[in-house]
Amino acid sequence: MATLTQILTTLAADAFKAEGLDPAYGTVTTSDRPDLAQFQCNGALPAAKAQKQNPKALAEKIAARLKADPRLAKVEIAGPGFINMDLTDEALAAHIDKLRDDPRCGVPTRATPQTVIIDFGGPNIAKTMHAGHLRSLVIGDALQRLHRFMGDKVISDVHFGDWGLQMGQLITELKREQPNLPYFDEANKGPYPNQSPVTMEDLERIYPKASAACKADPERLDEARKATAELQAGRPGYRALWEHFRGVSFAGVRREFDALDISFDWWKGESDVDKLVAPMVDDLKRRGLAVESQGALVIHIAEEGDKRELPPLIVQKSDGAALYETTDLATIVDRVAKADPDLMLYVVGQPQHDHFEKVFRGARKAGLAGKATLEHIGFGTVNGPDGKPFRTRAGGTVKLFDLIEQAKQEARKALRELAIARGENPPEERDMSPEALAEGEEIARQVGLAAIKFADLQNHRLTNYVFDLARFTKFEGETGPYLQYAAVRCKSLQLKAVQMGHWPDAISRIESDADRNLALTLDRLPGAIDQATAKRAPNVLCSYVFELAQAFSRFWAAHNIVNERDEELRGARLSLCALTFTALTRSLSLLGIEVPERM
RNA sequence: GGCCCCGUAGCUCAGCGGAUAGAGCAACUGCCUUCUAAGCAGUGGGUCGCAGGUUCGAUUCCUGCCGGGGUCACCA
């Protein structure tokens with residue numbers, strides 16, 4: 001179903017066309033000046049410029065044509081030639097009434113669905129995910145939900161970091177600690193123990209140690225490089241050990257994904273494309289695209305008219321090993337072979353922008369990407385109160401799992417304060433039944449997640465933001481919990497109405513400013529979803545949901561709905577309420593946020 | 001030094017060619033015997049970093065400068 005701005009755009013486009021002008025000038029948008037009108041069309045200004053006409057006179061001509069439509073209550077010219085329009089309440093009511101019982105809230109599915117691969121999360125073996133991973137996960141998940149809702153075929157891929165130098169660093173460090181393990185004995189070709197010799201905690205401890213040692217000692221680094229190359233060449237003991245590293249790491253990462261309610265279609269990693277590397281490199285060499293430079297094999301990706309000098313893309317290190325440029329390129333080959341996507345999105349921090357620019361250029365130059373458009377979806381950092389990237393007081397990274405736990409904790413506190421403020425007397429936990437405890441726990445989980453997800457998504461991707469849990473978990477202001485609360489109020493109102501024997505009915509009347517404003521806001525959901533998806537900017541949807549919640553709160557404060565005596569009006573308002581609940585729930589779910597049963 | 005991102009209200013951030021630049025928080029003023037008042041209605045608060053340019057019109061586009069962050073071939 002077309003939205004009101006779309007319907008009015010068609011109308012205005014026809015008017016411009018009738019004047020012999022480009023219909024594209026007919027774009028109608030929600031008014032920037034809600035005090036003056038509901039909708040506006042600015043097309044007369046550029047059109048008049050192109051035609052060397054008086055903009056006001058042209059606007060008058062267009063307006064005269066628009067006035068003929070009975071759905072418009074008002075068509076006015078303002079300022080230099082803005083055309084302002086208001087709908088009649090009848091037309092607005094009739095339009096919104098059609099949205100009733102549409103679980104998609106008027107959002108159409110795409111005419112030509114696309115295959116989209118979204119690469120996000122990007123955990124590494126041996127490294128517990130930390131606060132820095134939050135943005136990739138939350139933004140990537142929102143994008144995956146949005147594209148899926150639009151009807152695209154989405155494949156999300158965690159793209160595990162399981163194949164670089166860090167593997168050699170881990171192997172060699174473990175060898176120092178436990179040299180007698182069978183994996184290090186070259187004579188032992190297996191089989192090896194099923195039980196992992198290390199836990200996630202071991203890996204977490206070993207990795208930084210190895211990394212630091214390699215930094216300090218070139219010989220130690222060489223050793224790690226050699227082990228990496230041997231692993232990649234298929235040395236059985238290293239291979240078996242590496243499988244254990246992976247198993248342990250996967251289990252750890254899965255725990256965090258579950259905690260965040262985020263799932264992936266593909267659990268692929270750099271290692272999965274290992275077999276593709278050699279043939280790809282050979283092919284690039286044969287075609288003269290990859291050339292030798294300073295001992296390494298590179299693709300020159302500088303382009304005509306470059307403002308900056310991009311270093312070449314390294315396909316193979318001088319020691320013959322693959323590095324992440326190589327696996328990224330091979331991953332493109334793999335994805336094209338498996339899914340032939342129209343679009344690939346890489347939700348990775350902004351500092352890696354140049355890396356992706358290089359890889360994308362290399363892929364395009366070598367024709368590896370098929371029909372796919374490749375896009376880096378960068379994002380800024382999560383900062384602490386000092387404005388610097390989020391750290392613990394000791395200076396270490398903040399673990400993602402701890403962050404989620406803290407959010408739950410804060411949510412629990414906030415919920416308790418909410419109950420107290422409401423005049424309830426919440427019992428102490430020890431006095432609660434197991435059922436009540438479990439329910440409270442579930443609500444705290446949902447609210448805590450909403451708090452961190454919404455806080456992350458409401459900022460534009462590229463801006464760095466300050467992580468402030470106390471602020472995020474507040475039920476007031478532009479927060480996830482406030483939105484959940486609005487949705488829950490909406491639902492409780494409906495339940496109350498049903499208990500009184502009142503049911504939603506046709507939206508046949510729109511009477512107050514609050515009715516009108518809520519109806520107009522509901523119609524903007526498809527536009528918000530479209531923009532958020534097209535711009536890969538979930539913050540667009542965030543500000544929309546907030547505005548919807550505000551419009552609902554105003555509506556709620558302005559009318560006592562369940563006690564409305566006018567049956568027709570009551571039915572219409574209950575329908576507006578039902579629509580709002582669907583729209584809120586839908587929008588929040590696209591952001592990865594659940595609405596609790598009650599709060 | 002080259003390049004990329006950012007600089008908007010006291011604070012946290014939207015907006016990115018159009019009318020009087022917005023929201024939340026904080027401050028102040030009203031409104032709870034009625035569907036959840038952590039809500040609603042309202043007030044105050046800004047040379048949109050600075051200087052030029054393009055345009056009928058610039059916070060938005062271009063150039064230069066200042067300030068913050070990032071990055072500059074064999075780590076990811």
Side-chain angles (χ1 to χ4, degrees), chain A residues 31-33 35-36 40 42 45-46 48-49 55 78-82 84 122 124 127 161 163-166 169 211 214-215 221 225 270 293-298 306-319 321 323-328 348-355 357-358 378 380-381 383 387-389 414 417-418 421-424 455 458-460 462-466 468 471 474-479 481-482 485-486 488-490 492-497 499-500 502 514 539-540 542-543 546-547 550 553-564 577 598-599:
Chain A
S31 180
D32 292 335
R33 294 284 305 273
D35 53 320
L36 297 182
Q40 65 180 349
N42 295 353
L45 280 89
K49 186 178 181 177
F82 302 109
N84 287 334
N124 284 306
K127 291 189 221 167
W163 205 234
L165 174 67
Q166 42 181 339
Q169 292 177 323
S211 176
C214 288
K215 219 172 221 173
L221 181 62
R225 281 210 178 109
E270 295 168 343
S293 167
Q294 295 175 28
L297 205 55
V298 307
D306 272 357
K307 269 196 197 164
R308 56 199 168 129
E309 246 178 271
L310 274 174
L313 178 75
I314 297 176
V315 194
Q316 197 176 65
K317 298 198 285 182
S318 40
D319 65 0
L323 71 170
Y324 79 132
E325 274 111 319
T326 327
T327 51
D328 275 358
V348 182
Q350 190 60 12
Q352 294 203 50
H353 190 76
D354 281 5
H355 162 72
E357 178 68 27
K358 282 160 62 183
T381 54
N383 294 338
K388 297 212 179 95
E417 281 165 28
L418 174 62
R422 218 191 266 151
E424 290 165 16
Q458 72 163 325
N459 297 305
H460 182 87
L462 290 171
T463 35
N464 308 331
Y465 73 93
V466 176
D468 180 354
R471 185 159 65 85
K474 280 209 162 40
F475 285 85
E476 66 187 63
E478 209 169 338
T479 67
Y482 165 83
Y485 191 53
V488 167
R489 290 167 107 190
C490 194
S492 80
L493 186 149
Q494 294 181 83
L495 284 176
K496 178 92 181 184
Q499 279 164 17
M500 293 172 70
H502 299 149
N539 67 304
V540 172
C542 289
S543 42
F546 184 67
E547 281 169 42
Q550 276 186 319
S553 287
R554 217 169 299 154
F555 168 81
W556 159 287
H559 307 297
N560 188 328
I561 297 158
V562 296
N563 293 317
E564 172 61 55
C577 187
R598 53 199 196 98
M599 287 170 83

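Since this is a predicted model, take the numbers as computed values, not measurements. Chain A is the first sequence line, chain B the second, and so forth, proteins listed ahead of strands; every chain is numbered from 1.
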### Task
Classify the glycosidic conformation of B/rC40 as syn or anti, calling it syn when the angle lies within 90° of 0.
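Classified anti.
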Quick one: label [X] by what it contacts on the DNA or RNA (base, sugar-phosphate, nothing), any heavy atom closer than 4.0 Å.
X        : result
A/Ala486 : nothing
A/Asn383 : nothing
A/Asn464 : sugar-phosphate

According to a strict under-4.0 Å criterion, is [X] in side-chain N/O contact with OP1 or OP2 of [N]?
X        : N      : result
A/Arg598 : B/rU36 : no
A/Gln40  : B/rG18 : no
A/Lys496 : B/rU36 : no

Considering only [options], which nucleotide approaches the side chain of [X] most closely?
X        : options                : answer
A/Asn560 : B/rC40, B/rU36, B/rU34 : B/rU34
A/Asn563 : B/rU34, B/rC35, B/rA38 : B/rU34
A/Gln294 : B/rC74, B/rA38, B/rG24 : B/rC74

Side-chain heavy-atom pair [X], [Y] within 4.5 angstrom cut-off:
X        : Y        : value
A/Phe546 : A/Gln458 : no
A/Tyr482 : A/Glu478 : no
A/Ile561 : A/His502 : no

### Query
If you write RNA chain B from 5' to 3' in dot-bracket form, with Watson-Crick or G-U pairs under 3.5 Å, [ ] for crossing pairs and | for pairs with another strand, what do you get?
(((((((..((((....[...)))).(((((.......))))).....(((((..]....))))))))))))....
### Aro-ring/base stack A/Phe82-B/rA19, d under 5.5 Å, angle under 30°
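Per 5.5 Å and 30° rule: yes, stacked.
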### Task
Determine the interatomic distance between P on B/rG17 and the same-named atom on B/rC6; round to the nearest Å.
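So the two P atoms sit 14 Å from each other.
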